Student: 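Here it is: the structure, laid out below.
These figures come from a predicted structure and were not determined experimentally.
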Amino acid sequence: MATNGYEGGLKTIEELTTNAEQIQDEKQLFKKNVPIVTYEDLKPYIDRIANGETSDIVLGEPVTGFYLSSGTSGGQPKLMPVTAEFANKWELFRGLYESSVIKHFGDINQAGKRLELMFARPEIETASGLKAASVSTSIYNQCNFRTILPKLYTSPIETIFCPDPNQGLYCQLLLGLIQRDEVITVGSIFASTVLRGIKFLENHWHELCYDIKTGRLSDWITDSGCRNAASLVMKPNPEQAGLIENICNCKSWEGIVRKLWPKARYIGCVCTGVMRQYIAELEFYCRGLPLVSTSYACSEAICGINLEPLCKPCDVSYTFLPNMAYFEFLPVENDHDESIEMKRNDEDTELVDLVNVKAGQCYELVVSTCAGLYRYKVGDVLMVSGFYNTAPQFQFVERKNVILSVDQEKTSEADLFKAVTEAKALLDPLGFILTEYTSYVDTSSAPGHYVLFWEIKGKEGKNCKELDPKIMVECCSRMEESLHYTYRIYRKRNIIAALEIRVVKQGSFEALMDYYVSKGTSLSQYKKPSCIKSEEALKILDSRVIGKYFSPKSPL
């Protein structure tokens with residue numbers, strides 16, 4: 001986006017947020033006659049369209065294809081209808097959030113290139129002949145994206161569409177290192193993918209340096225598209241290889257991203273929601289570079305942008321754009337000592353319009369879109385953090401449907417994150433970092449209990465074997481003390497057994513990611529589940545356990 005385009009984008013944001021109520025009022029006539037729905041309510045109709053029926057069974061505008069949700073945060077991938085108008089809204093949305101970025105970081109489109117880790121999955125053809133793909137894959141397939149790609153990005157299209165994600169990742173990192181003096185941003189869609197790239201670099205930097213030195217691509221890269229694309233850029237460069245080797249061959253990788261790409265202005269990736277757990281480790285690797293979450297959107301709806309990209313990741317708020325959808329909000333009970341719960345009966349609860357939400361209140365997001373989702377419960381819980389003009393700003397709290405429960409207690413994603421944050425604080429002074437975690441409920445014996453899988457990394461070469469088992473037992477206790485009141489009461493009454501932490505060896509969560517990618521999830525859109533529900537995924541983690549620890553007493 002050119003400078004004049006960025007100024008136009010900021011003007012549009014001002015107009016939209018100033019006139020939020022009027023814009024929303026134009027879309028609300030239908031709501032008196034339309035009930036609140038979930039995906040399960042709409043799935044039979046979406047399936048009928050996918051199988052060849054006309055789209056007028058759901059909406060007036062023709063369906064041009066489908067977006068596929070990732071399916072890793074809460075279940076199976078969902079098919080979401082796409083219309084021409086909806087696709088155009090995505091184009092407008094990207095221009096608006098880029099305006100905010102340019103305002104704070106300068107015209108990145110003119111300053112250099114972006115090292116963005118991007119991964120596409122093959123489109124699926126439905127029985128109707130309409131194609132289904134992830135949002136990111138759909139964007140990568142667009143002609144205008146392919147046109148601007150060579151100028152704005154270090155990764156050729158062949159590496160993005162490589163069927164083997166590891167070959168694609170290797171080549172994207174290689175070409176990003178070769179063009180390191182041009183790189184002005186580093187990132188991916190999610191924080192987890194950026195970390196995957198950094199850890200991959202840790203394991204392959206010797207080989208990458210050799211390829212740069214010799215100008216020849218490693219033999220294990222067999223994809224012809226990757227090899228052809230790399231050959232157009234690669235030539236022997238021993239000096240560059242030596243510089244990179246000296247940077248990587250250091251005792252600590254703290255700040256490694258800034259050292260490898262010295263002109264980088266920020267790290268771009270979603271760091272909110274379940275991605276919050278990666279902030280500490282990303283900050284270690286990217287020391288001094290801001291972590292920027294630009295926008296909030298999903299396969300179902302386009303929602304808001306971050307107007308303060310330089311804020312701390314924990315303070316990110318998204319300003320909702322009233323022209324993207326009709327937004328309603330289902331109030332959520334938010335007792336600070338209990339897990340967040342929805343009002344008991346959606347039909348008995350009056351939904352709140354966009355401009356009438358209250359600061360500090362939590363809501364579940366309900367959207368009506370031009371692609372046939374009417375009064376649709378997205379499943380995201382948001383908290384109102386303030387207003388920009390008349391448009392509310394929201395912080396992402398959690399996915400509503402990701403919970404642990406042994407009996408009648410309900411532990412949410414936010415509850416779990418809070419407890420883990422309290423417990424991992426015991427590791428930090430000892431030189432260890434919790435890099436990944438997930439959970440599940442073990443009911444193989446009675447009473448059932450919560451199980452946490454933790455992957456831990458030592459700072460500055462420390463080995464995890466040096467970690468005192470007593471500290472891990474204390475982490476179990478600290479977690480239980482930090483969980484909500486109902487959990488603690490049930491533990492005292494032995495309705496729930498002692499919480500367990502299973503420490504897994506390094507690379508376990510990469511193996512988990514590889515499993516989900518092998519099942520069809522795009523690496524770009526992968527979100528590690530907060531709660532494991534797949535038996536196969538559970539086996540992957542259980543087979544890599546190197547230590548088990550239990551809380552020694554019930555919490556006070």
Student: Can you tell me if Tyr326 and Thr369 form a side-chain donor-acceptor pair at under 3.5 Å?
Tutor: no
Student: For Ser439 and Tyr450, does a side-chain donor sit closer than 3.5 Å to a side-chain acceptor?
Tutor: no
Student: Would you say Trp454's side chain and Val504's backbone share a donor-acceptor pair under 3.5 angstrom?
Tutor: no
Student: Taking atom types as modelled, is there a side-chain donor on Ser138 or Tyr67 under 3.5 Å from an acceptor on the other?
Tutor: no
Student: For a 4.5 angstrom cut-off between non-hydrogen side-chain atoms, does Pro163 reach Asp223?
Tutor: yes
Student: Report yes or no: does Thr193 contribute a side-chain atom to a donor-acceptor pair with the main-chain N or O of Ser188 at less than 3.5 Å?
Tutor: no
Student: Within the side chain of Asn306, is there an N or O that forms a donor-acceptor pair under 3.5 Å with the backbone of Ser293?
Tutor: yes
Student: Keeping Glu300 on the side-chain end and Met80 on the backbone end, is there a donor-acceptor pair under 3.5 Å?
Tutor: no
Student: Are any of the side-chain heavy atoms of Thr126 and Lys131 separated by less than 4.5 Å?
Tutor: no
Student: Walk me through it: do Tyr437 and Phe417 pass the test ring-ring contact (aromatic ring centres under 6.0 Å, His included)?
Tutor: CA-CA 10 Å; Tyr437 75 86; Phe417 177 77; 7.1 Å; no
Student: Is the distance from the ring center of Phe200 to that of His204 below 6.0 Å?
Tutor: yes
Student: Is a side-chain N or O of Lys89 found less than 3.5 angstrom from the main chain of Asn323, in a donor-acceptor match?
Tutor: yes
Student: Pair Asp380, Tyr296 - check side chain to side chain donor-acceptor pair (under 3.5 Å), show working.
Tutor: CA-CA 11 Å; Asp380 289 351; Tyr296 167 47; 2.6 Å; yes
Student: I'd like to know whether Asn144 forms a side chain to side chain donor-acceptor pair (under 3.5 Å) with Thr147, so could you lay out the CA-CA distance, the side-chain angles of the two residues, the decisive distance to 0.1 Å, and finally the verdict.
Tutor: CA-CA 5 Å; Asn144 57 348; Thr147 300; over 6 Å; no
Student: Between Pro309 and Ser100, is there a side-chain heavy-atom distance shorter than 4.5 Å?
Tutor: yes
Student: How many angstroms lie between atom OG of Ser192 and atom NZ of Lys527, to the nearest 0.5 angstrom?
Tutor: 9.5 Å
Student: Working to the nearest 0.5 angstrom, can you tell me the gap between Thr185 OG1 and Ile267 CD1?
Tutor: 8.0 Å
Student: Where the side chain of Ser134 meets the backbone of Thr137, is there a donor-acceptor pair that is under 3.5 Å apart?
Tutor: yes
Student: Judged by atom type as modelled, is there a donor-acceptor pair below 3.5 Å linking the side chain of Ser405 to the main-chain atoms of Glu409?
Tutor: yes
Student: If you measure from the Lys or Arg side-chain nitrogens to the Asp or Glu carboxylate oxygens, is any gap between Lys519 and Asp514 under 4.0 Å?
Tutor: no
Student: What's the shortest heavy-atom distance between Thr154 and Gly176, and which atoms?
Tutor: OG1-CA, 4.0 Å
Student: Do Glu455 side-chain atoms and Leu434 backbone N/O form a donor-acceptor pair below 3.5 Å?
Tutor: no
Student: Should the pair Arg216-Asp211 be classified as a salt bridge under the 4.0 Å nitrogen-to-oxygen rule?
Tutor: no
Student: Side-chain contact, heavy-atom cut-off 4.5 Å: Asp47 with Glu53?
Tutor: no
Student: Would you say that Phe394 contacts Phe329 through its side chain, given a criterion of any heavy-atom pair below 4.5 Å between the two side chains?
Tutor: yes
Student: Cut-off 3.5 Å, side chains only: do Gln393 and Ser317 have a donor facing an acceptor?
Tutor: no
Student: Can a donor-acceptor pair be found between the side chains of Thr38 and Asp41 at a distance below 3.5 Å?
Tutor: yes
Student: With a 4.5 Å heavy-atom cut-off, do Leu365 and Tyr363 have their side chains touching?
Tutor: no
Student: Is there a donor-acceptor pair under 3.5 Å between the side chain of Arg375 and the backbone N or O of Pro35?
Tutor: no
Student: Would you name the heavy atoms of Asn166 and Asp164 that are closest together and state the gap between them?
Tutor: N-OD1, 3.0 Å
Student: In a check of side chain to side chain contact (heavy atoms under 4.5 Å, CB included) between Phe119 and each of Ile160, Leu169, Val517, which one passes?
Tutor: Leu169
Student: Could you go through Phe327 and Phe320, starting from their C-alpha distance and side-chain angles, then the distance that decides it, and tell me whether this counts as ring-ring contact (aromatic ring centres under 6.0 Å, His included)?
Tutor: CA-CA 9 Å; Phe327 299 107; Phe320 270 40; 4.9 Å; yes
Student: Say you draw a straight line from CE of Met234 to CG of Leu175; how long is it, rounded to the nearest 0.5 Å?
Tutor: 7.5 Å
Student: Which is it for Tyr376 and Ser368 under the side chain to side chain donor-acceptor pair (under 3.5 Å) test, yes or no, and what are the steps along the way?
Tutor: CA-CA 6 Å; Tyr376 175 89; Ser368 298; over 6 Å; no
Student: Using a 6.0 Å cut-off, check whether atom OH of Tyr45 has over 12 heavy atoms from anything other than its own residue.
Tutor: no
Student: Considering only NZ, NE, NH1 and NH2 on the basic side and carboxylate oxygens on the acidic side, decide whether Glu202 and Lys457 come within less than 4.0 Å.
Tutor: yes
Student: Counting C-beta onward and ignoring hydrogens, is there a side-chain heavy-atom pair between Asn141 and Arg146 closer than 4.5 Å?
Tutor: yes
Student: Please test Tyr516 against Ser534 for side chain to side chain contact (heavy atoms under 4.5 Å, CB included), starting from the C-alpha separation and ending with a verdict.
Tutor: CA-CA 10 Å; Tyr516 281 107; Ser534 159; 4.2 Å; yes
Student: May I ask you to check whether Gln167 and Trp220 show a side-chain donor-acceptor distance below 3.5 Å?
Tutor: no
Student: Of all heavy-atom pairs between Val381 and Cys362, which one has the smallest distance, and what is that distance?
Tutor: CG1-CB, 4.3 Å
Student: Is there a side chain to side chain donor-acceptor pair (under 3.5 Å) between Gln277 and Lys528? Walk through the geometry before answering.
Tutor: CA-CA 11 Å; Gln277 64 181 281; Lys528 184 208 68 220; 2.5 Å; yes
Student: Does the pair Glu283 and Leu291 meet the rule for a side chain to side chain contact (heavy atoms under 4.5 Å, CB included), with working shown?
Tutor: CA-CA 8 Å; Glu283 287 179 335; Leu291 303 178; 3.7 Å; yes
Student: Ion pair present between Arg502 and Asp542, side-chain N to carboxylate O less than 4.0 angstrom?
Tutor: yes
Student: What's the shortest heavy-atom distance between Tyr440 and Ile532, and which atoms?
Tutor: CB-O, 3.6 Å
Student: Using only atom types and a distance under 3.5 Å, with no angle test, would you say the side chain of Thr438 pairs donor to acceptor with the backbone of Ser530?
Tutor: yes
Student: Please name the pair of heavy atoms, one in Leu282 and one in Cys269, separated by the smallest distance, quoted to 0.1 Å.
Tutor: CD1-SG, 3.9 Å
Student: Does the distance from a Lys or Arg side-chain N to an Asp or Glu carboxylate O, for Glu436 and Arg544, drop under 4.0 Å?
Tutor: no
Student: Using a strict cut-off of less than 4.0 Å between a Lys/Arg side-chain nitrogen and an Asp/Glu carboxylate oxygen, indicate whether Glu413 and Lys418 qualify as a salt bridge.
Tutor: no
Student: Please evaluate residues Phe145 and Tyr153 with respect to the criterion ring-ring contact (aromatic ring centres under 6.0 Å, His included), reporting the C-alpha separation (whole Å), side-chain torsions for both, the decisive distance (0.1 Å), and the verdict.
Tutor: CA-CA 10 Å; Phe145 176 81; Tyr153 296 87; 5.7 Å; yes
Student: For a 4.5 angstrom cut-off between non-hydrogen side-chain atoms, does Val378 reach Cys298?
Tutor: yes
Student: Check Pro62 against Ser55 and note the closest heavy-atom contact, atom names and distance.
Tutor: CA-OG, 3.4 Å
Student: Among Arg276, Lys199, Arg196, which one satisfies salt bridge (charged side-chain N to carboxylate O under 4.0 Å, His left out) with Glu281?
Tutor: Lys199
Student: Does the pair Phe105 and Tyr266 meet the rule for a ring-ring contact (aromatic ring centres under 6.0 Å, His included), with working shown?
Tutor: CA-CA 8 Å; Phe105 294 101; Tyr266 67 89; 4.5 Å; yes
